[in-house]
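One structure below.
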Amino acid sequence: MARAFLFVLDSFGIGGAADAERYGDAGSNTFGHIARACAEGRADREGLRKGPLFVPNMLSLGLGHAAKTAAGSSIDIGSKVQLASAFHGAAQEISSGKDTPSGHWEIAALPVRFDWGYFPDTVPAFPADLTEAIIREGEVPGILGNCHAPGTEIIERFGEEHIRTGKPICYTSVDSVLQIAAHEVHFGLERLYEFCKVVRRLVDPLNIGRVIARPFIGETAASFERTHNRRDYSVPPPEPTLLDRLTARGSRVIAVGKIGDIFAHRGISEVRKAAGNMAMFDKALGAMDDAGDGDLVFANFVDFDTEFGHRRDVAGYAAALEAFDRRLPEALARLRHGDLLILTADHGNDPTWHGTDHTRERIPVIGTGPGFGGDIGLRTTFADIGETVAEHLGLARGRHGTSFYAAIGGHA
């Protein structure tokens, strides 16, 4: 009986990326800076949390050791006694971006070795011919925004005008993305999805990684609120990923959260979604219960990134980590002989950093399972994670990455 569970704490980087300076992120460290802020009382919030960061269960899996491997310095946040069956290490990204698809595809053993297309930080941000095509083929009276902007801020700026005029709010960031915000009622949720499909087709020649539907509700700038009906329209991976390899041989891949969207629903057997990290954790536990021999449960916990990283909310991020950690024993209790659980991330999003975008960081690779344990050191690519899962589940070796299965006590 061999099953695998991959849990991605979206944006939970641990610093130390060798090429961080190239991205303007030298010194960024999501985990390290959150821990420091907590220790210094800068992440205290009445009714939410207080004091040093408390994540004993992830520490027992080797999170502290992974952080030292990544950035070279220890993070003092309490006991570091590691479970005998735990393993730890860190990984450096070789994909060219610091975005969600690049990180997840590389985790699934397919690094992104090409350059995504990006929109310039100008106003307007989009080429005139693209804007004209969006308006014409999307059958809208025009667009609002057409710039780089944080999602919540641009809805506050243009939301009321959007309701009055029916013009969708189109914006971008340093990532390869075109995001579209529209009101769930006044514009219509299904209409937004259909509009995004049109835009997806139009940006394909520009090699834009994702078109993202960002629905919101409310009637005034003071009451606007994004909903959890987000949908990502991604470019399909250019080669088979770990997910494709598994489903091709008849295994199930149960995608929890936005995993299905990230892979353009390729190599996915079933999608389970929910609103919020804790509801997503419930879905992940249910998927663990349902997984059979040879199956993979691949879960993404997006709130770390969207709700706290991008919003530079240190206290909120810390509280979310602590809430996740409190529930981790529920997942550990479900592990049986032949199971492998890996916790990791797809990039960083240091809430103490300048701006509102992702940060180029190394990621933790920590986990456990009956009979496993050890130090896997610093991996030169996220793809080593996917190849380790592949070997555990009995797949032939892929083209990218090197399995660390033997290093943690696994035997194919």
Side-chain angles (χ1 to χ4, degrees), residues 99-101 117-119 121-204 206 208-235 257-258 260-262 264-265 271 273-276 302-303 305-307 310-311 356-357:
D99 55 273
T100 294
Y118 299 92
F119 295 113
D121 192 1
T122 57
V123 180
F126 309 132
D129 57 348
L130 173 61
T131 300
E132 292 167 4
I134 288 173
I135 294 169
R136 181 180 63 252
E137 299 189 35
E139 300 180 350
V140 293
I143 65 170
L144 302 172
N146 201 345
C147 60
H148 281 237
T152 52
E153 176 186 301
I154 201 164
I155 291 171
E156 290 176 4
R157 285 168 55 196
F158 293 106
E160 293 180 7
E161 185 177 354
H162 159 70
I163 291 173
R164 286 197 313 270
T165 65
K167 297 177 182 179
I169 305 167
C170 300
Y171 61 105
T172 186
S173 71
V174 296
D175 289 338
S176 181
V177 65
L178 197 159
Q179 304 197 64
I180 304 168
H183 199 281
E184 283 200 358
V185 178
H186 296 291
F187 191 86
L189 185 59
E190 291 304 320
R191 184 185 175 198
L192 172 59
Y193 292 157
E194 291 303 314
F195 182 71
C196 286
K197 291 176 184 177
V198 172
V199 176
R200 170 71 271 170
R201 172 173 51 81
L202 293 174
V203 299
D204 278 347
L206 302 177
I208 300 301
R210 287 180 294 166
V211 172
I212 304 179
R214 291 286 198 176
F216 66 96
I217 56 175
E219 297 301 319
T220 65
S223 63
F224 290 143
E225 180 182 351
R226 293 198 298 193
T227 75
H228 289 278
N229 290 320
R230 162 184 171 159
R231 188 169 293 179
D232 293 31
Y233 297 85
S234 300
V235 172
K258 67 177 185 177
D261 289 347
I262 294 168
H265 293 271
V271 173
K273 288 189 174 185
V302 72
D303 283 4
D305 186 51
T306 58
E307 299 301 312
H310 285 301
R311 299 186 185 190
T356 60
D357 295 308

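Numbers here simply count residues along the sequence, with the first being 1.
- Within the model, atoms CG of D232 and NE2 of H265 stand 9.0 Å from one another, a figure rounded to the nearest 0.5 Å.
- Y171 and H148 have their aromatic ring centers separated by at least 6.0 angstrom.
- Other residues, nucleotides and ligands contribute only 12 or fewer heavy atoms inside 6.0 Å of the CD atom of E139.
- The residues E194 and K197 are annotated as salt-bridged, a charged nitrogen and a carboxylate oxygen being separated by less than 4.0 angstrom.
- Between the side chain of D261 and the backbone N or O of S234, no donor-acceptor pair lies under 3.5 Å.
- With hydrogens and angles disregarded, no donor-acceptor distance shorter than 3.5 Å links the side chain of T172 to the backbone of L178.
- Side-chain atoms of H186 never come within 3.5 Å of backbone atoms of G166 as a donor-acceptor pair (strictly under, hydrogens ignored).
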Quiz item: Given R214 and T152, is the side-chain contact (heavy atoms from CB on, under 4.5 Å) satisfied, shown in steps?
Solution: CA-CA 10 Å; R214 291 286 198 176; T152 52; over 6 Å; no
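- Residues V177 and D99 have side chains not in contact (no heavy-atom distance under 4.5 Å, counting atoms from C-beta outward).
- Atom CG of N146 sits about 4.5 Å away from atom OG1 of T131, to the nearest 0.5 Å.
- Note: R311 CZ to T356 OG1 = 11.5 Å, rounded to the nearest 0.5 Å.
- Between R210 atom CZ and R200 atom CZ the span is 10.5 Å, to the nearest 0.5 Å.
- Taking each heavy atom of I154 and C147 in turn, the nearest pair found is CD1-SG, 3.9 Å.
- Among all heavy-atom pairs drawn from G218 and I163, the shortest one is O-CD1, 4.0 Å.
- Shortest non-hydrogen contact noted between G138 and V198 is N-CG1, 4.1 Å.
- The distance from atom OG of S176 to atom CZ of F119, rounded to the nearest 0.5 Å, is 7.5 Å.
- Ring pair H162/F224: centre-to-centre distance not below 6.0 Å.
- Contact detail for G151 and R226: the closest heavy-atom pair is CA-NH1, 3.6 Å.
- In this structure the side chain of H183 never reaches within 4.5 angstrom of the side chain of I155, judged on heavy atoms.
- For the pair I135/I143, a side-chain contact is recorded, criterion being any heavy-atom separation below 4.5 Å from C-beta on.
- One distance of note links CD of E184 with CG of L189; it measures 5.0 Å at 0.5 Å rounding.
- At least one side-chain heavy atom of V140 sits less than 4.5 Å from a side-chain heavy atom of F187.
- Considering all non-hydrogen atoms of both residues, E219 and E160 come closest at O-CG, 4.3 Å.
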Exercise. Kindly determine whether L130 and V203 satisfy side-chain contact (heavy atoms from CB on, under 4.5 Å), including the steps that lead there.
Key: CA-CA 8 Å; L130 173 61; V203 299; 4.1 Å; yes
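- Residues V271 and G257 come closest through the heavy atom pair CG1-O, 4.3 Å.
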